[in-house]
Amino acid sequence: MPLFDTRVPAVLLRTDRNPFHHGTLGAVRSLGRTGVEVHVVADCAGSPVGRSRFVRRLHAPPAADAGPDEIAAVLHRVAATLAGPAVLVPMDDASAVAVGRLRAGLAPDYLLPDPSHVLPEHVADKAELAAVCAALNVPHPVTVAPDSAARAASAAWRLGLPVVAKWSRPWLLPAGSGLRSTVLVRSAQEARELYARTAEAGSPLLLQEFLPPGEDRDWFVHGYADRAGTLVAGGTGRKLHSWPRGAGLTAVGAWAELPQLWRLAARLVAELGYRGILDLDFRRCATTGRYHLLDFNPRPGAQFRLFTDTADLDVVRALHLDLTRRPLPDGQPRPGRTFVVENYAPLTALRPAPAGRELAWHAQDDLAPGLAMWSLWGAHVSRRLSARLRPTAPVPARPHVPPARHADAPTAPDLSGDEKAGSR
């Protein structure tokens, strides 16, 4: 019996409009190389992903602001073009949340992980994650959910500037708003102004204790929780470089075994009854040495291909094998292996990698996406530079008004009722 059931296609779903989402390309190649038929439901206009020879067919995605019913309709239309049920792989948080809500209606057409009482939106929601960490005694930065602009300002002072500002449900941020899922807030006034955009953001603002980045402090865990609830495939990795620096996607990552993080991830899966692919982000506190859970992403991380073991197993392949009732091959970890996103770390991509390396875009058996990336990336950077260099009308000077003494910083700010979690 062949390892993969190639009679069962895979459908990759992504609702965000990022043309440079290399994780989607990784999933296309991972499954396509096994002979599995891969369909992509995403906006691939101007994206290198659509150039891959492993894409069987591109399908038009739901509208950017589509609700669950519209997403379900698109997925049912795709299913109608297939000969039988397909393995569905959400590639971003919004897709994972939608599929979690729609599971019962999608089940006849798609193979999905077993249901659990924890939906993807429960762990993807930053506020709920803080509460989960507090309940399970998992280290997590102190997180505050202010209920007014004034309390946002006082919370920023109380936590100690700078603080991290996050939107509880970042997948609800409207396109073109300029709002980012996570930003560093350096003043009480910035916290006030950000809180004022809560209605626009679509979810509550959270302020979080800032754990400074540094060498050997940023880690991640990728894995797949199978039908039995066992955490398999994947591994623990260290973020060597990020984009933007200090807080952003993994530009260069390395497979580095850290058993205590793997055990922590396995405990979370067991306590929550979680099933499916997960991507956890951690930061080590320089003072206490504890690893704080920053994010729980209920889908493949963009650098999931880093954790390809000696049997060529990764979390996306593990999902397909498990849902088609095929055994997972026995493989060994490959510590030291690296993953590089060439457009963010071009020099690193050229250096020797004795322990093995995977590039996000370039692959010898699938050259077109890598070539397309450099062409599209050059145009993208040129547009950004032109926009920055374009002259703007001068802003009229405003008269200076001395601020009221300590207007934003009461001596003892009252945060009762604000704190969602205080586990350090």
Side-chain angles (χ1 to χ4, degrees), residues 1-14 23-24 26-41 54-57 59 71-72 75-76 78-93 95-120 123 222-234 265-266 269-270 272-279 297-301 304-305 307-309 311-331:
M1 182 176 67
L3 181 60
F4 285 85
D5 188 345
T6 56
R7 299 168 301 175
V8 180
V11 174
L12 310 183
L13 173 65
R14 201 183 80 241
T24 302
V28 166
R29 288 171 170 167
S30 177
L31 293 172
R33 286 169 178 151
T34 70
V36 169
E37 184 179 301
V38 181
H39 294 252
V40 178
V41 184
F54 295 112
V55 173
R56 176 61 62 92
R57 184 176 172 184
H59 300 264
I71 294 173
L75 290 174
H76 286 309
V78 172
T81 68
L82 307 176
V87 171
L88 181 58
V89 189
M91 294 304 303
D92 60 5
D93 287 346
S95 299
V97 168
V99 170
R101 292 180 180 180
L102 298 166
R103 189 187 189 286
L106 295 174
D109 290 330
Y110 293 98
L111 303 180
L112 298 164
D114 290 339
S116 68
H117 61 278
V118 174
L119 293 174
V123 291
H222 292 195
Y224 172 67
D226 66 12
R227 285 173 288 134
T230 303
L231 192 61
V232 297
V269 165
L272 298 175
Y274 181 82
R275 298 292 184 271
I277 296 174
L278 56 84
D279 164 23
N297 303 300
R299 40 76 181 168
F304 79 92
R305 284 287 299 168
F307 301 109
T308 305
D309 66 16
D312 286 333
L313 183 69
D314 60 40
V315 295
V316 171
R317 290 185 175 186
L319 171 74
H320 194 282
L321 289 168
D322 188 50
L323 296 184
T324 55
R325 303 299 195 265
R326 297 296 177 102
L328 273 59
D330 292 325

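Keep in mind the model is a prediction, meaning the values are calculated, not measured.
- With Asp309 contributing its side chain and Ala233 its backbone, the two residues share no donor-acceptor pair below 3.5 Å.
- Rounded to the nearest 0.5 angstrom, Leu328 CG and Leu3 CG are separated by 8.0 Å.
- Of all heavy-atom pairs between Pro113 and Leu319, the closest is CG-CD1, 4.0 Å.
- Looking at every heavy atom in both residues, Thr34 comes nearest to Ser30 through CG2-O, 3.4 Å.
- Annotation: the span from Asp93 atom CG to Asn297 atom CG amounts to 5.0 Å, rounded to 0.5 Å.
- Of the possible polar contacts, one joining the Arg326 side chain to the Pro2 backbone as a donor-acceptor pair under 3.5 Å is found.
- Between the side chain of His76 and the main chain of Leu106, no donor-acceptor pair closer than 3.5 Å is present.
- Ala311 and Asp330 make their closest contact through CB-O, 3.6 Å (heavy atoms, listed as atom of the first residue, atom of the second, distance).
- Checking side-chain atoms of Arg299 against main-chain N and O of Val97 turns up no donor-acceptor pair under 3.5 Å.
- Using a 4.5 Å heavy-atom threshold, the side chains of Leu313 and Leu321 count as touching.
- For Arg305, the salt bridge (Lys or Arg N to Asp or Glu O under 4.0 Å) partners at least two apart in sequence or on another chain are Asp314, Glu358.
- Between Pro108 and Pro85 the shortest heavy-atom distance is O-CG, 4.1 Å.
- You'll find the side chain of Val11 reaches within 4.5 Å of the side chain of Leu82, heavy atoms only.
- In this structure, the side chain of Tyr224 does not engage the main chain of Asp322 through any donor-acceptor pair within 3.5 Å.
- Pairs passing the salt bridge (Lys or Arg N to Asp or Glu O under 4.0 Å) check and including a residue from residues 108-120, sequence neighbours excluded, do not occur.
- Among residues two or more places apart in sequence or in another chain, the side chain to side chain donor-acceptor pair (under 3.5 Å) test is passed with Arg7 by Asp5.
- Taking 4.5 Å as the limit, every side-chain heavy atom of Leu272 sits out of range of all side-chain heavy atoms of Ser116.
- By the 6.0 Å contact criterion, CZ on Arg33 is enclosed, its count of non-hydrogen atoms from other residues, nucleotides or ligands being greater than 12.
- Here the closest non-hydrogen pair linking Val89 and Pro300 is CG1-CG, 4.1 Å.
- For the atom pair CG (Leu13) and OG1 (Thr24), the distance works out to 9.5 Å, reported to the nearest 0.5 Å.
- The salt bridge (Lys or Arg N to Asp or Glu O under 4.0 Å) check on Asp92 picks up nothing, with sequence neighbours excluded.
- Listed by chain and number, the residues in a ring pair (Phe, Tyr, Trp, His ring centres under 6.0 Å) with Tyr274 are Phe296 (sequence neighbours excluded).
- You'll find the side chain of Val38 stays beyond 4.5 Å of the side chain of Val55, heavy atoms only.
- In terms of modelled atom types and a separation under 3.5 Å, the side chain of Ser95 and the main chain of Met91 share no donor-acceptor contact.
- Taking OG1 from Thr81 and NE2 from His39, the interatomic distance works out to 6.0 Å, rounded to the nearest 0.5 Å.
- Closest heavy-atom contact between Asp279 and His222: OD1-NE2, 3.0 Å.
- For the salt bridge (Lys or Arg N to Asp or Glu O under 4.0 Å) test, no residue two or more places apart in sequence or in another chain qualifies with Arg317.
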Stepwise side-chain contact (heavy atoms from CB on, under 4.5 Å) test for Leu323 and Val8
CA-CA 10 Å; Leu323 296 184; Val8 180; over 6 Å; no
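- Going from atom NE2 of His320 over to atom CG of Leu111 covers 8.0 Å, rounded to the nearest 0.5 Å.
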